[in-house]
Amino acid sequence: MAHPHIQAVIVGAGFIGSVHAAAVRGVGATVRGVVGSTPSRSAALADEWNVPARYSDLAAVLADDAVDVVHICTPNALHADQAVAALRAGKHVICEKPIATSLADAERLAAVSAETGRTLAVPYVYRYHPLVREIRARRMSGDFGAWQLLHGSYLQDWMLDTGTTNWRVDAARGGPSRAFADVGSHWCDLVEWVAGVRFHEVTARLGVTIPARPAGSGDTFSANGPDSGTSSPDGPESGTYGAAADGLRPVSTEDVAAVLLRTADGVLGSLTVSQVSAGRKNRLWFELDGADGSAVFDQENPESVWLGDADGARLLLRDPGRGSAEQRRLATLPPGHSQGYGDCFRAFVNDAYSAMVGHQVEGLPTAADGVRSAHLIDAVLRANDSLAWTVVEQAPARM
């Protein structure tokens, strides 16, 4: 579905802002404007991106009745207040995750979305790999049987260099969790949604492997002037900066996390998260082991999934002519013509815009999913503090 009548503004001009802009244009909508860290930065980006409107700050965006949807791509600490302001101004919102740096703010944001009747969509875009939809459809058909074990990892290396720093290392800007909130949350969202489970309790250990990083520069923020170093597609970004003359600052958010999870009916799960694993760029990997079969998905190799049963194993390839309806809907290219992250993001924005104009869509992550993620982040932080199994507050089940 094309959306030529939708006018969008991107708030936050880092790498992920450009990903959002490409997806907006990819579904036929208009990028009406962009807001950077200062009015001059916004003007320069408006010229660079060839957008029709000029905005000095977020307030100017919200005052423009022509704007239908605001994409929030700013540092995490700004998400909740900016998204609330946009919703109250009558705009739909796509807000980068985490939608807030505290559970209370996430719940407040979801409440405002419900109160205003505006869509709040959250880019858990890995749901949009066609073969992820295929695994989910097979689970819903009973192909795998009762779950025995759910396990996997999300590994990166973009923070491995001791000279690399970023606003996320500061809890006041990025929130109290970094590696788990930034990418572990993706894994949990994906596995819960695909496997049809809810993790009831967790125990976790978080680790800082590089205790101090360069203090850097350019990491100031304001409510209307987002920093240009914004949320990345779960990795490096234009706002990363290296060693500086003003020395080092302590790192207050984790580089690694080890998490054990358990559903209410006793199915165990395990997750390893790292942003300091050499050679791993963006490896979201999961294995779902059932009584009758298993499935493995690797985000860095999304054109095939591994399926196992008691008689052996085989690879299933993406094919728009085969498989579930959702797999075929999202498989827009012929077999052998690779689809990837950009295609997922475009499909997500397409579904979000469809929801904004009143259509029912399958699997769109919304405010409830953002709150669910906030519950999991909160539980992991509490478990790390208590060194004990910790109950995750339950949101309404999704299957």
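Heads up: numbering here begins at 1 and tracks the sequence. Please read these numbers as outputs of a predicted model, since none were measured by experiment.
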For [Y], is there an ion pair with [X] - N to carboxylate O distance below 4.0 angstrom?
X	Y	value
Arg178	Glu254	no
Glu192	Arg372	yes
Arg108	Asp81	yes
Arg382	Asp378	yes
Arg213	Asp161	no
Arg262	Glu201	yes
Arg118	Asp68	no
Asp47	Arg54	yes

Distance-minimising heavy-atom pair for [X] and [Y]:
X	Y	value
Asp255	Ala179	O-CB, 3.8 Å
Asp309	Asp311	OD1-N, 2.8 Å
Ser277	Leu155	OG-CD2, 4.1 Å
Pro320	Ala331	CB-O, 3.1 Å
Val34	Ala13	CG2-CB, 4.5 Å
Val194	Arg139	O-NE, 2.9 Å

As an exercise, state the distance from [atom1] of [X] to [atom2] of [Y], rounded to the nearest 0.5 Å.
X	Y	atom1	atom2	value
Thr74	Arg173	OG1	CZ	13.5 Å
Asp64	Lys91	CG	NZ	6.0 Å
Ile210	Thr164	CD1	OG1	8.0 Å
Asp289	Ser294	CG	OG	3.5 Å
Glu303	Ser338	CD	OG	4.5 Å
Leu317	Leu131	CG	CG	8.0 Å

Treat each ILVMFWY residue as a node, draw an edge where side-chain heavy atoms are under 4.5 Å apart, and state whether [X] and [Y] are in one component.
X	Y	result
Trp285	Leu190	no
Val208	Trp158	yes
Trp49	Phe345	yes
Leu260	Trp187	no
Trp389	Leu271	no

List the steps, then state whether side chain to side chain donor-acceptor pair (under 3.5 Å) holds for Gln339 with Arg318. CA-CA 9 Å; Gln339 292 184 212; Arg318 181 188 61 79; 3.1 Å; yes

Atom CD of Gln360 with >12 non-hydrogen neighbours under 6.0 angstrom: no

Counting only heavy atoms from other residues, nucleotides and ligands, does the tally under 6.0 Å from NE2 of His5 exceed 12? no

In terms of relative ring orientation, are His129 and Phe297 parallel, tilted or perpendicular, with 30° and 60° separating the classes? tilted

Using the ring of each side chain (for Trp, its six-membered ring), is Tyr126 parallel, tilted or perpendicular to Tyr341, with breaks at 30° and 60°? tilted

Do Arg133's NZ or CZ and the ring of Tyr128 fall within the cation-pi criteria of under 6.0 Å and 45°? yes

Does Trp193 have Arg136 sitting over its ring (NZ/CZ under 6.0 Å from centre, angle to axis within 45°)? yes

Taking [Y]'s backbone N and O only, do any of them form a donor-acceptor pair with [X]'s side chain (distance below 3.5 Å, no angle check)?
X	Y	value
Glu326	Ala137	no
Ser18	Phe15	yes
Arg127	Gly363	yes
His92	Thr119	yes
Asn301	Asp298	no

Test item: side-chain donor near acceptor, [X] and [Y], under 3.5 Å:
X	Y	answer
Arg280	Tyr154	no
Ser141	Asp143	no
His71	Glu96	no

Test side-chain contact (heavy atoms from CB on, under 4.5 Å) applied to Gln275 and Thr253, Asp182, Asp157, the passing residue: Asp182

Apply side chain to side chain contact (heavy atoms under 4.5 Å, CB included) to the pair Val296 and Phe286, showing each step before the final yes or no. CA-CA 6 Å; Val296 172; Phe286 68 71; over 6 Å; no

Pair His186 and Tyr124, ring centroids less than 6.0 Å apart: yes

Please enumerate all residues that pass salt bridge (Lys or Arg N to Asp or Glu O under 4.0 Å) together with Arg322, with sequence neighbours excluded. Asp319

Stepwise side chain to side chain contact (heavy atoms under 4.5 Å, CB included) test for Ile135 and Val305: CA-CA 8 Å; Ile135 295 171; Val305 295; 3.8 Å; yes

side-chain hydrogen bond (donor to acceptor under 3.5 Å, both in side chains) filter on Asp65, not counting sequence neighbours, yields none

Of all residues at least two apart in sequence or in a different chain, which pass the side-chain hydrogen bond (donor to acceptor under 3.5 Å, both in side chains) check with Thr272? none

